[in-house]
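Fair warning: this is a prediction, and the values are worked out from it, not measured in the lab. Note: hydrogens, waters and symmetry copies are ignored here, and every other heavy atom, side chains too, is used.
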Amino acid sequence: MIVDTGVHGDSRVQKQAISAAEAGWDVTLIGRSPTNEPQEWQLGGAQVRLVVVGGGAGTGGAGGGGGAKAALRRVRTAMPGAVKHARRPVDVALVWYWQRKLGDKSWRRLEPQLWSFEAAFGKVIDELDPDIVHANDFRMLGVGARAVERGRARGRDVKLVWDAHEYLPGVIPYRDHARWLPAHLAYEREYAPVADAVITVSDEIAARLQRDHRLPVTPAVVLNAPEVSHDPGPADAPTLRELCGIGADVPLMVYSGAASPQRGLGLVVEGLPQLPGLHLAMIINQPDGPYATTLRERAAELGVADRIHLMGYVQHDLVVPLLATADLGVMPIRHHLNHEMSLATKFFEYSHARLPIVGSDVRTLAATVRSTGQGEVFRADDVADFVRAAKSVLADPERYRAVYDKPGLLDGWTWQHQADVLERVYSSLLPGR
């Protein structure tokens, strides 16, 4: 398994690796080291190896001065309007030039940094000589595809599983230039046909991937559901309320997951003054990071700093027990294409913690919450409507919790169920092995 993260905090790949090892596979999970040193550890029955990824073939040349100058000269003639109004005309020019010249191979000149992943991961994969390469997300797709092609050239029947965590056309670019998305889309288009099996996180994304890449089979859906256990965890583990320093009678709202402007957490802080006594716990990836700092500062300005509690991630199998002492879970996510098409990990975690959910009106989330009755929906970016929804839940939380008593509601929302799907995909690629 290969992933472009440091594995810590990436619950999907952690659960995949553990489950595959439990099913009898010999699993090595290769990730990207956050330091300049390689790292190794054991994750259940899987071996984790983090490799050092360098700077690649360059950070912005995108084809060198001669190519860029030629591209600009030609674009000024062919598409003057686009260049005139673009924030960085050179990026528009380079995209136009290299796409016309190289088609889906244009990423090599538009985003040459992608080669740095090949340099770091490729030799490690070749040494392992795997039967299956499981490539997580779009950056690893090309790395996995080339490893599979090298294995086949050695006479090995290697299979490629591509796990699309998001729908790439709907991803907010990681870097602020016009080359990023066209380059990565070209990269994905070049290598998607190599995949022997594709999995993803929702039915809608699966349909779009099949359409975009003309896949012969609709991708299997493996939800970002939590691992559910009847084990409450360590007896001495503090509850969420204890970590916040509040009693059982204090209303508590929780948010778990990545913290960034597009997640809408600023709206929740803005609404706290209109929700007297309500505390907010945020279990986030960077509790001391720049964005979290802006949330703290705004809370102080509003006079509610004593009612917000920021803390870091916990081990993925401890999330649900930790959430369970809250009164409601909040999902204030804003309107972006990927947000509309799938349910986030926190939705399933909140559900298994039997929390009423207050969620924004992004399409799939809103439709699910309304159909099950497990919470209230508010208009994204609308503070007043968020306050209304939160007050509705706090007025009668047991009415929403009662939904979880419905037989079968939570059965398919478990990682155990998703692991069965994953195992069927693997086994279908190597029948009789």
Side-chain angles (χ1 to χ4, degrees), residues 172 176 240-241 243-247 249-313 322-323 325-340 343-347 349-350 353 355-366 368-370 374-397 400:
I172 298 170
D176 186 23
L240 185 60
R241 290 180 175 276
L243 291 173
C244 294
I246 61 175
D249 59 337
V250 177
L252 177 61
M253 174 167 55
V254 67
Y255 172 89
S256 64
S260 61
Q262 61 264 31
R263 309 286 176 164
L265 290 173
L267 170 136
V268 180
V269 173
E270 294 292 331
L272 279 182
Q274 301 175 57
L275 295 164
L278 179 66
H279 282 240
L280 169 65
M282 289 185 275
I283 306 167
I284 58 178
N285 52 331
Q286 294 183 319
D288 297 316
Y291 180 62
T293 299
T294 65
L295 295 175
R296 282 194 180 94
E297 291 172 348
R298 183 55 180 156
E301 292 171 357
L302 295 169
V304 295
D306 61 327
R307 291 199 275 133
I308 68 167
H309 313 273
L310 280 69
M311 58 199 76
Y313 283 166
L322 184 64
L323 296 174
T325 58
D327 292 298
L328 70 156
V330 65
M331 297 183 65
I333 198 162
R334 305 174 72 185
H335 288 290
H336 293 290
L337 181 56
N338 267 308
H339 298 171
E340 308 286 349
L343 292 169
T345 304
K346 64 180 67 63
F347 171 84
E349 292 170 342
Y350 293 169
L355 296 182
I357 293 174
V358 174
S360 68
D361 60 348
V362 293
R363 187 171 64 249
T364 302
L365 171 62
T368 305
V369 170
R370 285 169 175 152
Q374 66 193 102
E376 291 289 335
V377 175
F378 65 91
R379 291 185 296 275
D381 295 322
D382 188 327
V383 175
D385 204 37
F386 158 69
V387 170
R388 173 203 58 78
K391 286 182 175 179
S392 295
V393 169
L394 289 169
D396 189 7
Y400 301 95

So salt bridge (Lys or Arg N to Asp or Glu O under 4.0 Å) across residues 274-284, not counting sequence neighbours, yields none
What one should report as the nearest heavy-atom pair of Ala299 and Ile308 is CB-CD1, 3.6 Å
Met311 vs Cys244 side-chain heavy atoms within contact, under 4.5 Å: yes
Contact between Val254 and Tyr350 at the side-chain level, heavy atoms closer than 4.5 Å - yes or no? yes
Could you work out, with side chain to side chain contact (heavy atoms under 4.5 Å, CB included) as the rule, every residue matching Asp381, not counting sequence neighbours? Arg334
Side-chain heavy atoms of Gln262 within contact of Ile333, under 4.5 Å: no
Contacts of type side chain to side chain contact (heavy atoms under 4.5 Å, CB included), residue Pro332, not counting sequence neighbours: Tyr255, Leu265, Leu267, Val268, Val330, Phe378
Sequence neighbours excluded, the answer for side chain to side chain donor-acceptor pair (under 3.5 Å) partners of Asn338 is none
Any side-chain heavy-atom pair of Met253 and Val358 under 4.5 Å: no
Dump the intermediate steps for side-chain contact (heavy atoms from CB on, under 4.5 Å) on Ile284 and Arg263, then the final yes or no. CA-CA 11 Å; Ile284 58 178; Arg263 309 286 176 164; over 6 Å; no
Who are the side chain to side chain contact (heavy atoms under 4.5 Å, CB included) partners of Arg363, not counting sequence neighbours? Glu204, Glu340, Met341
Apply side chain to side chain donor-acceptor pair (under 3.5 Å) to Glu349 and list each qualifying residue two or more places apart in sequence or on a separate chain. Ser256
side-chain hydrogen bond (donor to acceptor under 3.5 Å, both in side chains) pairs touching residues 276-296, sequence neighbours excluded, are His279-His309
Please check: side-chain N/O of Asp361 versus main-chain N/O of Ala380, any donor-acceptor pairing under 3.5 Å? yes
Roughly how far, to the nearest 0.5 Å, is CG of Leu323 from CG of Leu355? 6.0 Å
For Arg370, all residues meeting side chain to side chain donor-acceptor pair (under 3.5 Å), sequence neighbours excluded: none
The criterion is side chain to side chain contact (heavy atoms under 4.5 Å, CB included); which residues satisfy it with Thr325, sequence neighbours excluded? Thr239, Leu240, Arg241
For residues 270-277, run the donor-acceptor check on the side chains, cut-off 3.5 Å, and write out each pair with its distance to 0.1 Å, sequence neighbours left out.
| unit_1 | atom_1 | unit_2 | atom_2 | d |
| --- | --- | --- | --- | --- |
| Glu270 | OE1 | Arg298 | NH2 | 3.2 |
| Glu270 | OE2 | Arg298 | NE | 2.6 |

Under a 4.5 Å cut-off applied to non-hydrogen side-chain atoms, are Pro397 and Asp327 in contact? no
Could you walk me through whether Leu280 and Arg307 satisfy the side-chain contact (heavy atoms from CB on, under 4.5 Å) test, starting with their C-alpha distance in whole Å, then the side-chain angles of each, then the deciding distance to 0.1 Å, before giving a yes or no? CA-CA 6 Å; Leu280 169 65; Arg307 291 199 275 133; over 6 Å; no
Which distance, rounded to the nearest 0.5 Å, do you find between the CG of Leu328 and the CG of Leu252? 8.0 Å
For Tyr313, side chain to side chain donor-acceptor pair (under 3.5 Å) partners two or more places apart: none
Apply ring pair (Phe, Tyr, Trp, His ring centres under 6.0 Å) to His336 and list each qualifying residue two or more places apart in sequence or on a separate chain. His339
Please examine the side chains of Leu243 and Leu322, heavy atoms only from C-beta on, and report whether any two atoms are closer than 4.5 Å. yes
Shortest non-hydrogen separation from Pro356 to Val393 and the atoms involved: CB-CG1, 3.5 Å
Here the gap from Phe347 atom CZ to Leu365 atom CG, rounded to the nearest 0.5 Å, amounts to 7.0 Å
